[in-house]
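The block underneath contains the structure these notes are about, expressed in C-alpha cells.
Basis for what follows: all heavy atoms, side chains included, without hydrogens, waters or symmetry-related copies. Keep in mind that this is a model prediction, so the values were computed, not measured.
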Amino acid sequence: MLKIFLVEDESIMREGLRDNMPWQQFGYEFVGEATDGETALPLIRKIRPDVLLTDIKMPFMDGLSLSRIVAKEFPNMKIIILSGHDDFEYARQAIQIGVEQYILKPVTREALKKVLLEVKDKIDSEKEKKMNLEKIQSEMHEYELMSRRNFFEKIFSGRLPVQEIYTEME
C-alpha cells in the first residue's frame, strides 16, 4: 500500500475526500491530513508519504510553496495538485516544480481514481526499475570479485605467464 497525505483548507472537500474515497481499493493508505502547507510540512516530514495530494490555494503556505519544499526534500514523493484555478501560471509553476498531476476542481471520484492509479503504476514501475538496477549492480559486483579471485588464483598457481598478468590487470 502506498501512503497518501491530503492538504486541503476547505473542510467539506477535505472530509469528503478523506471519508468517501475507497483509498484501499486504489492501493493507498490514507495516512494524514492538514488544512494548510505550514501545518502539513512537519507531518509530511514525520510520516513520509509516497504521495502528497494538495490544494494549490491555502492560507499561510500554499500548495506550490509546499510542493517546492517537498520536491526538494523528498524527490521520490509524488505530488498531485488540486486547483480551483484554471490559470496557466499555476500549472506552469507546478510543472517547473515537478508535480506529477494537476487536477481542476471540482474533482470527480472517477477522475481522481484515474490519476491515483496512474501515479501508483508509475511508482510501482520506478520501484521495479530500481530493484532491477540494484540486482544488476549486485551481480556485476559479484562477477568482478569472482574475476579478481580467478586472476589471483592463476597468478599464485603459476598458470599465468608474466606477459599475460599485465594484460589481464588492465
Subject >> Spacing of Q96 atom CD and L64 atom CG [to the nearest 0.5 Å] >> reply: 10.0 Å
Subject >> R45 side chain near I69 side chain, heavy-atom distance below 4.5 Å >> reply: yes
Subject >> hydrophobic_cluster_shared for I4 and F74, side chain cutoff 4.5 Å >> reply: no
**OP:** Apply side-chain contact (heavy atoms from CB on, under 4.5 Å) to the pair Y143 and M146, showing each step before the final yes or no.
**Re:** CA-CA 5 Å; Y143 175 77; M146 191 174 72; 4.2 Å; yes
Original post:
Under 3.5 Å, is there a donor-acceptor pair between the side chain of D9 and the main chain of T35?
Top reply: no
Original post:
To the nearest 0.5 Å, how far apart are CG in L66 and OG1 in T54?
Top reply: 5.0 Å
**OP:** Report the C-alpha separation of I103 and I80 in whole Å, then their side-chain angles, then the decisive distance to 0.1 Å, and conclude whether the side-chain contact (heavy atoms from CB on, under 4.5 Å) test is met.
**Re:** CA-CA 7 Å; I103 306 171; I80 302 170; 3.6 Å; yes
Original post:
Is W23 reaching over with its side chain to a backbone N or O of K3, donor-acceptor style, under 3.5 angstrom?
Top reply: no
**OP:** Look at E10 together with K57 and state whether they make a salt bridge at an N to O cut-off of under 4.0 Å.
**Re:** no
Original post:
Can you tell me if CG on L133 sees more than 12 non-hydrogen neighbours from other groups inside 6.0 Å?
Top reply: yes
Subject >> Nearest heavy atoms of T39 and P42, plus distance in Å >> reply: O-CD, 3.4 Å
Original post:
Heavy atoms, side chains only, cut-off 4.5 Å: are M13 and P106 in contact?
Top reply: no
Original post:
Is F5 linked to L82 within one hydrophobic cluster, defined over Ile, Leu, Val, Met, Phe, Trp and Tyr using a side-chain heavy-atom separation of less than 4.5 Å?
Top reply: no
Original post:
Okay, side chain of S138, backbone of E134: is any donor-acceptor separation there less than 3.5 Å?
Top reply: no
Original post:
Would the number of heavy atoms belonging to other residues, nucleotides or ligands and lying under 6.0 Å from CZ of R92 be above 12?
Top reply: yes
Subject >> Single-linkage hydrophobic cluster, 4.5 Å side-chain cutoff, L112 and V119 together >> reply: yes
**OP:** Go through the steps for M21 and L116 under the test side-chain contact (heavy atoms from CB on, under 4.5 Å), then give the verdict.
**Re:** CA-CA 11 Å; M21 284 299 292; L116 290 172; 4.2 Å; yes
Original post:
Are E29 and Q24 linked by a side-chain donor-acceptor pair shorter than 3.5 Å?
Top reply: no
Subject >> Side-chain donor or acceptor of R149 paired with backbone N/O of E144 under 3.5 Å >> reply: no
**OP:** Measure the CG-CD distance between L117 and Q25 for me, rounded to the nearest 0.5 Å.
**Re:** 10.5 Å
Original post:
Do the side chains of I44 and M77 get nearer than 4.5 Å, heavy atoms only?
Top reply: yes
**OP:** With rounding to the nearest 0.5 Å, note down the distance linking OG in S67 to CG in D62.
**Re:** 8.5 Å
Original post:
Does L43 belong to the same Ile/Leu/Val/Met/Phe/Trp/Tyr cluster as L17, with side-chain heavy atoms less than 4.5 Å apart forming each link?
Top reply: no
**OP:** Using a strict cut-off of less than 4.0 Å between a Lys/Arg side-chain nitrogen and an Asp/Glu carboxylate oxygen, indicate whether K120 and D50 qualify as a salt bridge.
**Re:** no
Original post:
Would you call V51 and Y28 a side-chain contact if the rule is heavy atoms closer than 4.5 Å?
Top reply: yes
Original post:
Can you tell if the side chain of I81 reaches within under 4.5 Å of the side chain of Q101, non-hydrogen atoms only?
Top reply: no
**OP:** Decide yes or no for M58 and E8: does some side-chain heavy atom of the first lie under 4.5 Å from some side-chain heavy atom of the second?
**Re:** no
Original post:
What about L104 and L6, same hydrophobic cluster or not, with Ile/Leu/Val/Met/Phe/Trp/Tyr joined at side-chain heavy-atom distances under 4.5 Å?
Top reply: no
**OP:** Nearest 0.5 Å please: distance from the CD1 atom of I56 over to the OG atom of S65.
**Re:** 10.0 Å
**OP:** Answer whether the closest heavy-atom distance between the side chains of I79 and E100 falls below 4.5 Å.
**Re:** no
Subject >> Residues E118 and K114 bridged, charged N to O under 4.0 Å >> reply: yes
Subject >> Non-neighbouring partners of S83 that pass side chain to side chain donor-acceptor pair (under 3.5 Å), sequence neighbours left out >> reply: Y102
**OP:** Answer yes or no: does atom CZ of R48 have more than 12 heavy-atom neighbours from other residues, nucleotides or ligands under 6.0 Å?
**Re:** no
Subject >> Within 6.0 Å of NZ in K130, more than 12 heavy atoms from elsewhere >> reply: no
Original post:
Salt bridge check: are E126 and K78 linked by an N-O gap of less than 4.0 Å?
Top reply: yes
Original post:
Under a 4.5 Å cut-off applied to non-hydrogen side-chain atoms, are L41 and V70 in contact?
Top reply: yes
Subject >> Reported CG-to-CZ distance for the pair L53 and R18, which is rounded to 0.5 angstrom >> reply: 13.5 Å
Original post:
Is the count of non-hydrogen atoms from other residues, nucleotides or ligands lying under 6.0 Å from E139 atom CD greater than 12?
Top reply: yes
**OP:** Could you go through the side-chain contact (heavy atoms from CB on, under 4.5 Å) check for E110 and K113 one step at a time?
**Re:** CA-CA 5 Å; E110 281 305 307; K113 174 186 175 182; 4.0 Å; yes
**OP:** In sequence, state the C-alpha distance, the side-chain angles, and the governing distance for D55 and R14, and then conclude on salt bridge (Lys or Arg N to Asp or Glu O under 4.0 Å).
**Re:** CA-CA 10 Å; D55 189 7; R14 187 178 65 256; over 6 Å; no
